[in-house]
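Numbered from 1 within each chain, the chains take letters A, B, ... in sequence-line order.
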2 protein chains.
Amino acid sequence: MGGIMIRTISPNPNRANFGRCSACAVRSLSICGALDQADLGEFERISRHAHLEANEALFTAGQVAAAVHSLTVGVARLYKLLPDGRRQVIGFALPGDFLGVSPADRYNFSADAVDAVSVCRLSREAFTHFIEQRPHFLMRINEFVSRELMLAQEQMLLLGRRTAEEKVAAFLVGWRERLAHIGDNRQTISLPMSRQDIADYLGLTIETVSRTLTRFEREKMLVIVTGGVRLLDTDRAEALAAA
Amino acid sequence: MGGIMIRTISPNPNRANFGRCSACAVRSLSICGALDQADLGEFERISRHAHLEANEALFTAGQVAAAVHSLTVGVARLYKLLPDGRRQVIGFALPGDFLGVSPADRYNFSADAVDAVSVCRLSREAFTHFIEQRPHFLMRINEFVSRELMLAQEQMLLLGRRTAEEKVAAFLVGWRERLAHIGDNRQTISLPMSRQDIADYLGLTIETVSRTLTRFEREKMLVIVTGGVRLLDTDRAEALAAA
DNA sequence: CCGGCCGGTTGATCCAGATCAAATTGGTCA
DNA sequence: TGACCAATTTGATCTGGATCAACCGGCCGG
C-alpha cells in the first residue's frame, strides 16, 4: 500500500507539453479555468504531467508538502489514519479537483489513486510564486478551497448525525451530482472505489455498507451492477439524503 | 433560539471608531494581522463593530450571505441543522477567527454567540472589493480558510473513527491548544459552551459527554469545575486524543 | 478447466453509546 | 430565604451498527 514511485512523463516540457494546457479537457473545471492564454503558457512551463496506476500514492500525510496537484483523469481517495490503523477517507477527488492545499509545510492527509489517474504537478515554490503575481487566480484558488471547506462541513453533519441508511443514500446522491458536474450524466452511477473506501468515507463498516445497498436494492430503490449502481427511485434517495 | 436583532454600535465610524483597529487586541491573530497602517485605516472605514449577548444569532444558514465577520471577543458556535432538528456543531470560533467564507451567495451554516461576543462586520461587497486590490491580504484569507479546512478534516477523522472517550479527550486537548494560542494559558480550561454544544460537536449525546467527563474525573485525569475543567494528567489526555 | 484468492455478501451475536427516566445541582428572582 | 427552572448528572434499559464468522462468485494464473 502506498509509497510506490510514480512515473513522470514528458521530461522535456517545453517541447513535449507544448499546448498541453490549452487542450486540457478539464481546464474550465479546474483552477486553470481562471487563466488567460499568457498565464496558461506560464502555468504549463512550471507544471509537470504525471500518471499513476490504481493504488499508487500521490503523497502521504507527514511528508514535506513539496508539490500541489490538479487532477485531470481518474479518481483519488484522500484519507487520514490513526496510529492503530483506523482510516477516515476525507474525500474523493475527481478531474478538475485541486489537491495539496496545506497551511503547514507538510501534507496533513494522504492521497492515492483509486483507478488510473493523471495529474498536473507543480512545485509548491513555483506555484506560490505564480499565484502571488495573479490576484485573480488567487481568488480562484480561494473559491476552490472554500468549496472544499463547505463539502467538509456537510460531511461533518453526515458523520456526526446521520444514520447508516442516510449516509449511504447521501453518498450516492452527492457522488452522482459530482459526476454530473464533470459531464458524466450516465444513468448508472460509477463507483470505482471499493466498499471499504465507501465505509471509511461514511464512518461505517464494510458490512453495513453492503447490507444497506442490498436493502436498497431489495426495496427497488436501485440496482447494484458491477462497478456502480443504477438509481431507480431518485426521489426516495434524495429524500433519505436530505435527512 | 436565534433570530434576535443585534445592536450595531458606533454608527458614525469615521469619528467613534477612529483608531479602533490599531488598538484591536486580536489584530495580529486575525486576518487584519496582514494589513499595514494605510490598509488598516481603509479596513476600519468599511467595517462596523457589533456586540451580541449570549445566544444571539450572528447569521443563519440559508440567509443571503451579506456580511463577513471577524470575531474579536467571546466564543461563537457554528452549526448545521437537519430538517428534523438534529444538530451538528461544526466548530467553535474564538477571538481572531474569521467567519462567513462561503462559496455560495448564502450562508451554509448558522452561527450564534455562546457568551457575550464582539465582531467586526463587513459587507461582503466591500470586503470583496477590498481584497481584490490586495494580493497579500488575499493570501492571508487563504491561509485562514486552509487552516479551517485542516481543522474540518481532523474533525472528520474524529467523528468517523474515534470512540466517545477519544472524542472528549481530543476536544479538551484541542480546545486547550486554541485557548493557549489566543493567550489564555490558565491551568483551568474554560468551557463556556454547554454540554449539549459539546455533544453536538462530537457527534455524541449529552449523557455520554457527561458520563465520560465524570469517568475522567473519577480516574483523576481532570477535575470538573464550574465553567470548565482542570487537567491533572495532561499526558494521559494527549495519549487518548492522539488515538 | 481448475483452484485459489480477493472483494463482496450474508448470517449470528455482541456491545458502545443512545434512549428513557429520575435525581441533583446551581443560579436567579421575588 | 426559599421556590423555581434549566443544566447536568446518574441510573436502567434498549438498539443500530460493529464484530465475528461463513460463504459466494468472478477473475487470474497455471
Exercise for review: Measure from CG on B/Asp197 to P on D/dT8 and round the result to the nearest Å.
Suggested key: 9 Å
Exercise for review: Starting at the 5' end of nucleotides 9-20 of chain D, put B wherever the base has a protein heavy atom under 4.0 Å, S where only the sugar-phosphate does, and a dash everywhere else.
Suggested key: BBBB----SSBB
Review point. Say you draw a straight line from CZ of B/Phe98 to CG of B/Leu71; how long is it, rounded to the nearest 0.5 Å?
Key: 12.0 Å
**Study point:** Integer-rounded Å distance: C/dA18 P and B/Arg87 CZ
**Key:** 15 Å
Practice item. Could you tell me how the ring of B/Tyr107 sits relative to the ring of B/His69: parallel (under 30°), tilted (30 to 60°) or perpendicular (over 60°)? Key: tilted
Review point. B/Lys167 has an atom NZ; how far is it from atom P of C/dA16, in whole Å?
Key: 14 Å
Practice item. Please determine, by modelled atom types, if A/Ser102 and A/Arg124 share a side-chain donor-acceptor pair under 3.5 angstrom. Key: no
Practice item. Would you check if the side chain of B/Asp97 reaches a backbone N or O of B/Leu99 as a donor-acceptor pair within less than 3.5 Å? Key: no
Check your understanding: Whole Å only: how far is the CZ atom of A/Phe216 from the C1' atom of C/dT9?
Key -> 16 Å
Practice item. Send over the distance from B/Asp200 CG to D/dT8 C1', rounded to a whole Å. Key: 15 Å
Practice item. Rounded to the nearest angstrom, tell me the gap between atom CE in B/Met193 and atom C1' in D/dA7. Key: 15 Å
Review point. Judged by atom type as modelled, is there a donor-acceptor pair below 3.5 Å linking the side chain of B/Arg147 to the main-chain atoms of A/Ala104?
Key: no
